[in-house]
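All chains are named by letter (A, B, ...) in the order of the sequence lines, taking the proteins before the strands, and each is independently numbered beginning at 1.
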Amino acid sequence: MTEDIFSVETTYFADVILPVPIPRMFTYRVPRHFVADIKIGARVIVQFGRNRVVTAVVGKIHTKPPEKYQAKYILELLDTDPLITEAQLWLFEWIAEYYMCCIGEVMNVAVPSGLKVSSQSRMQLNPDFDHPELLEEKEIEFIEILKVHNSLTYDDAIKFIGEKNINPLIKSLISKHAIIMYEEVKEKYKPKVAKKIRLKRGYEGSEEVLNLIDSLTKSPKQQTIILEYLRYVPINELAEKNNLGIDKSALKQGEISDSALSTLIEKGILEQFEVIVSRFGDDTPEEPLKITLTDAQQAASDDIIQNFAEKDIVLLHGITGSGKTEIYIDLIQKVLDGGSQVLYLLPEIALTTQIVVRLKRVFGDKMGVYHSKFSDNERVEVWRGIVDGRYQFVVGVRSAIFLPMDNLGLVIIDEEHETSYKQFDPAPRYHARDVGIMLGLKQGAKILLGSATPSIESYYQAKTGRYGLVTLNQRFGEAQLPDIQLVDLKAERKAKNMKNDFSSILFNQIHQNLQNKEQTIIFQNRRGYSPYLNCQECSWVSECQQCAVSLTFHLQSKELRCHYCGHKEEVPKVCPVCGSGKIRTIGFGTEKLEDDLKIMFPTARTQRMDLDTTRTKNAYQNIISEFEQGGTDILVGTQMISKGLDFDQVSLVGIFDADRMIHFPDFRASERAFQMLTQVSGRAGRRAKKGLVMIQTNNTQQSLLQKVVTNDYIGYYNDEILEREGYMYPPFARIISITIKHEEEEKAEKAAHWLANKLLEKLGKARVLGPEKALIERIRNKFLFDILIKLEKDKLNIKAAKSFLREKIDELHQTKEHKDVDVVVDVDAV
DNA sequence: AGCACGCCGACT
DNA sequence: GTCGGCGTGCTC
């Protein structure tokens, strides 16, 4: 906003992005005193609706007054430098359009809530009020309270009055001009401060200090404090170092009493002051790590760089344990040296582990970490660190793509096949891999995708030459790929060899492994003890009241839990239908395997790692550290254990329920099964020792399993790509999944049919599948119907198709019968 | 999404 | 007669 600031007559308007799911911007008037400073990307505070005050981001500045309504004024301008860069705004808009959501929803996930503003309505007396005779008794009472407290929030007022509904009272007082409401606006971000202690001026000379100590002989406690202080700040360095002071907490380590310390402060000898510190500490990294690549790694690295000369995107297909991280580090180093920024994306779980420590040792404080378990304040610090140029390199999870980097030279997306890169629940339902690619391309960066089991989509792009392809077929160092064996459950059952759910072959191997003092991993991708309970007399099954799924039995918490809506209930002692006590568990989850193992191997140290044991911030890390240090013999876990963890001493991996993964009714089931089996197998035998993997299955002839055994990714890919082509699934088509929800099944079904028919008219029936009942037909008391749209990549104008879809959904919501159904659109659903 | 307005049931 | 239930519609 520079060109027109002299034309005082011009009125400016700003179209702002509000954090609400409404697919448009809102126009506000720019007050004259903000005209000179307001910029696109700056945060503003505006009133939205009658009583809401929200933080918005300026998307556009113009002079065209809205025709149909009176624009409200912007209340406050929060940034003189834009918080959101133009590059980010562009990306937000791209996401909103591509994933068919509102830009406000994108803004909501992108901006850490620490950068949003909290506002609270406060009320106070109107100093000009001079008609007390207008007030009623209740009102006078409240005015008296307000006189004592100066100002109150709404909640305060409720407490003092002792009633829930104070609205009429407040409204009446406002209309009588007895009180006024105002908004207190404050930033949520609070810098972290450290309390520090130093000698007050006049005492920091060596002579003065010695005199001071002498003078304190009668107050030995105080003397000790001064002496303690001098341990940290030696007397001969007082002149330079006293100013910095020392942490109050450090001083209080010794036998220091609080009262003696405060006496010294009161006497004006010591003083306490506060400094703003980083939440990430200034942990001086342990000795810096220098990476040397093996020949194979070096070759791959060279290959990647060569590919980058022609292609923006390269897929690195490196088998588990091939040491992809070292290659990344080497590349990151090079890009940073060239003065560009680097973004390194990892799936959530892989980030909590050793990798951050390792990266920190290489990159020190140039590196920012962005994790979802971080608090808001920590996120804001990473954000600010990037803006201030402190962080040239960020390693982070999915949402790190929203950080304000504007000079990217390299984007790395590790474990690119991971479906957790796709946000599912609240919109925007974006895929961080695809957005990361977009983000990188826009900034002229190179993009490196890495995986041992690439997604079919990415591998296809590489095979057809759109991405470069680099393959790394050799494990790092001495390590070899494990032997993978299929255990024939049918035969084991026939021979009556099963011990609970363990085949004798696996059982014996675990036993052997324990004797050898080697570690075992047991993989079962299902948590809880058993997926349902069943009455032997009347065939009752534990079911969720709100969802069409069974309730999982959790032994540890002694509960039945719904994994979809979170509903919990007590475990019934007798069958709730027939009163029989013969209730049994059916099927098994991690809890049961853990339980069985504890019974079968009572002396083994067994640990479980799944969502239930890793709820708290450090639980995950603790389990892993314990395992790494050899404190655990057998680790039982869900897919959590398969994500990029390096365990050196694991010589046996046992895999349960592989068949269920393979036969899941979804076109991606086999892809996911292959990836999961290969990744979990990859945890075995990572150093020198050759590991063993045992997969229990009812069908040892299964072709997918055969490919897992021979580690034949390409063979698997060749099979799968034919299927995909035959049925027009990705990568040959884009899919958009539409879910219609309503409490009444019939309403949901009818609306779904209405919409599907409308879509059919234009798209044809090859492109519109369904509607059909969702796999889980009811969740949280809403019935779900799915429509799947397949849009061929080459022949179709995807943008036009999407806007057509948008139109039809709007139309649906305008018809009387269907307007109250929920419609969820998921572009590129995984 | 929130939030107010508005029109119907069960209570002082 | 009022409180308060949640359906409906709007927000610059």
Look at all strands and tell whether A:Arg29 reaches a base, only sugar-phosphate, or nothing, counting heavy atoms closer than 4.0 Å.
-> nothing
Side chains of A:Tyr98 and A:Asp828, donor plus acceptor under 3.5 Å = yes
Atom pair distance, as rounded to whole Å: NZ in A:Lys60 and C1' in C:dC12 = 14 Å
To the nearest angstrom, the CG-C1' distance between A:Asp820 and C:dG7 comes to 9 Å
How about A:Phe48 and A:Phe26: are their ring centroids closer than 6.0 Å?
-> yes
When the distance from CD of A:Gln47 to P of B:dC3 is rounded to whole Å, what number comes out?
-> 12 Å
Using a distance-only test with no angle check, is there a side-chain donor-acceptor pair under 3.5 angstrom linking A:Asp37 and A:Thr80?
-> no
May I ask you to say what A:Glu105 touches in the nucleic acid, namely base, sugar-phosphate or nothing, with a heavy-atom cut-off under 4.0 Å?
-> nothing
Separation of A:Phe26 atom CZ from B:dG2 atom P, in whole Å?
-> 14 Å
Rounded to whole angstroms, how far apart are CZ on A:Phe48 and P on B:dA4?
-> 13 Å
Note: contacts of residues 66-73 of chain A with DNA chain C (heavy atom, under 4.0 Å) are A:Tyr69, A:Gln70, A:Ala71, A:Lys72
Using the six-membered ring wherever Trp is involved, compare the ring planes of A:Phe402 and A:Tyr430 and label them parallel, tilted or perpendicular (cut-offs 30° and 60°).
-> perpendicular
Modelled atom types, side-chain donor and acceptor of A:Asp826 and A:Ser737, under 3.5 Å = no
A:Lys747 NZ to C:dG7 C1', in whole Å, measures 11 Å
Please state how far atom CG in A:Asp822 lies from atom P in C:dG7, giving the value in whole angstrom units.
-> 14 Å
Sugar-phosphate only, base, or nothing, as touched by A:Ile22 at under 4.0 Å among non-hydrogen atoms | base
Rounded distance in Å - CD (A:Gln814) to C1' (C:dC10) | 15 Å
Which part of the nucleic acid, if any, lies within reach of A:Tyr28 when heavy atoms closer than 4.0 Å are counted: base, sugar-phosphate only, or nothing?
-> sugar-phosphate
Would you please say whether a donor-acceptor pair under 3.5 Å links the side chains of A:Gln423 and A:Arg398?
-> yes
Where do A:Arg429 and A:Phe424 come nearest, in terms of heavy atoms and distance?
-> NE-O, 3.0 Å
